[in-house]
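Here the structure is laid out as structure tokens; the discussion comes afterwards.
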Amino acid sequence: VPQIPPTSGNAQKPKKPLHVLCGGVLDKRKNIGLLIEACVALSRPDGEDVILSVAGDGPLLTTYKQFVEQKRAHNVRFLGWRRSLEPELASAHLLVHPAAHEGMSNVVLEALAADLPVLLGRTKESEEFANDARLLFDLGSASALSAQLLKLSRDGLDDLKLASQLLKARHSFDWDS
């Protein structure tokens, strides 16, 4: 039976706002537009519940930036390409990976290695990998993802953190090789 360490500080109820990270090539396959749309819908002039940091570059970067500007959202930040995501992983509360066509992403593995909770778009591959409904969200609705992120910002991440730790332990990854 794998030993699960006690939840770390970032697993507690996050201080507002909830800092969400996603990373990857900004193309159709990664489906980051769904996450951006979900977070833009949560933008408020009186303070943010959720802030999204997008690490990466690609053919849809300009489109995504224009969408955020058009909506006058202040809760989405574009970080550009990063050689390493270590600082972002250390400061985020949650990694969301909305890819619609991908087996397993390195950014998800990096987040698990950094003990960062993950939330994965529901695909056949992610269901097989995660094997836990708490770690999955439906890719068909930005509004449903918005509601899920808002709930996490208000209720905390303890359940998601535990599910992520169990996922890491179940796969027994050797993070150093």
To the nearest 0.5 Å, what is the distance between [atom1] ([X]) and [atom2] ([Y])?
{"X": "His19", "Y": "Leu52", "atom1": "NE2", "atom2": "CG", "result": "11.5 Å"}
{"X": "Asp49", "Y": "Cys39", "atom1": "CG", "atom2": "SG", "result": "11.0 Å"}
{"X": "Leu160", "Y": "Leu95", "atom1": "CG", "atom2": "CG", "result": "10.5 Å"}
{"X": "Asp159", "Y": "Asp132", "atom1": "CG", "atom2": "CG", "result": "8.0 Å"}
{"X": "Leu149", "Y": "Leu94", "atom1": "CG", "atom2": "CG", "result": "7.0 Å"}
{"X": "Phe78", "Y": "Leu61", "atom1": "CZ", "atom2": "CG", "result": "6.5 Å"}

Looking at [X] and [Y], would you say the former's side chain and the latter's main chain have a donor-acceptor pair under 3.5 Å?
{"X": "Ser153", "Y": "Leu18", "answer": "no"}
{"X": "Asp138", "Y": "Gly140", "answer": "no"}
{"X": "Arg82", "Y": "Leu85", "answer": "no"}
{"X": "Ser126", "Y": "Thr123", "answer": "yes"}
{"X": "Tyr64", "Y": "Leu26", "answer": "no"}
{"X": "Asn31", "Y": "Pro98", "answer": "yes"}

Carefully, step by step, assess Ser143 and Ser146 under the rule side-chain hydrogen bond (donor to acceptor under 3.5 Å, both in side chains).
CA-CA 5 Å; Ser143 61; Ser146 291; over 6 Å; no
Hey, quick one: are Val118 and Ile51 part of the same hydrophobic cluster, counting side-chain heavy atoms closer than 4.5 Å, chains of contacts allowed?
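Cluster IDs for Val118 and Ile51 differ.
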Say whether Leu150 and Val96 are linked into one hydrophobic cluster, either directly or through other cluster members, by side-chain heavy-atom distances under 4.5 angstrom.
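Yes; tracing contacts between hydrophobic side chains, which count when under 4.5 Å, links both residues.
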In a check of salt bridge (charged side-chain N to carboxylate O under 4.0 Å, His left out) between Glu102 and each of Lys124, Lys28, Lys30, which one passes?
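Of the listed options, the one satisfying the test is Lys30.
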Taking only residues at least two apart or on different chains, which pairs with a member in residues 57-78 satisfy salt bridge (charged side-chain N to carboxylate O under 4.0 Å, His left out)?
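Qualifying pairs, neighbours excluded: none.
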Using every non-hydrogen atom in the two residues, find where [X] and [Y] come nearest and quote the distance to one decimal.
{"X": "Glu48", "Y": "Ser43", "result": "OE1-CA, 3.1 Å"}
{"X": "Asp27", "Y": "Pro59", "result": "CB-CG, 4.1 Å"}
{"X": "Leu139", "Y": "Leu34", "result": "O-CD2, 3.6 Å"}
{"X": "Ala114", "Y": "Leu89", "result": "CB-CB, 4.2 Å"}

Got [X] and [Y] here, is their nearest side-chain heavy-atom distance under 4.5 Å?
{"X": "Leu60", "Y": "Ile32", "result": "no"}
{"X": "His97", "Y": "Val107", "result": "yes"}
{"X": "Pro17", "Y": "Asn75", "result": "no"}
{"X": "Phe129", "Y": "Leu120", "result": "yes"}
{"X": "Leu79", "Y": "Val54", "result": "no"}
{"X": "Leu167", "Y": "Leu135", "result": "yes"}
{"X": "His93", "Y": "Val20", "result": "no"}
{"X": "Leu119", "Y": "Gln148", "result": "yes"}

Is atom CD of Glu86 surrounded by more than 12 heavy atoms (other residues, nucleotides or ligands) closer than 6.0 Å?
no
Who pairs with Ser164 by side chain to side chain donor-acceptor pair (under 3.5 Å), at least two apart in sequence or on another chain?
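Result, side chain to side chain donor-acceptor pair (under 3.5 Å) vs Ser164: none returned.
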Quick one: do the Glu125 and His101 side chains pair a donor with an acceptor below 3.5 Å?
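Checked: Glu125/His101 side chains show no N/O donor-acceptor pair below 3.5 Å.
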Please walk me through it: do Leu162 and Leu166 pass side-chain contact (heavy atoms from CB on, under 4.5 Å)?
CA-CA 6 Å; Leu162 177 61; Leu166 290 169; 4.2 Å; yes
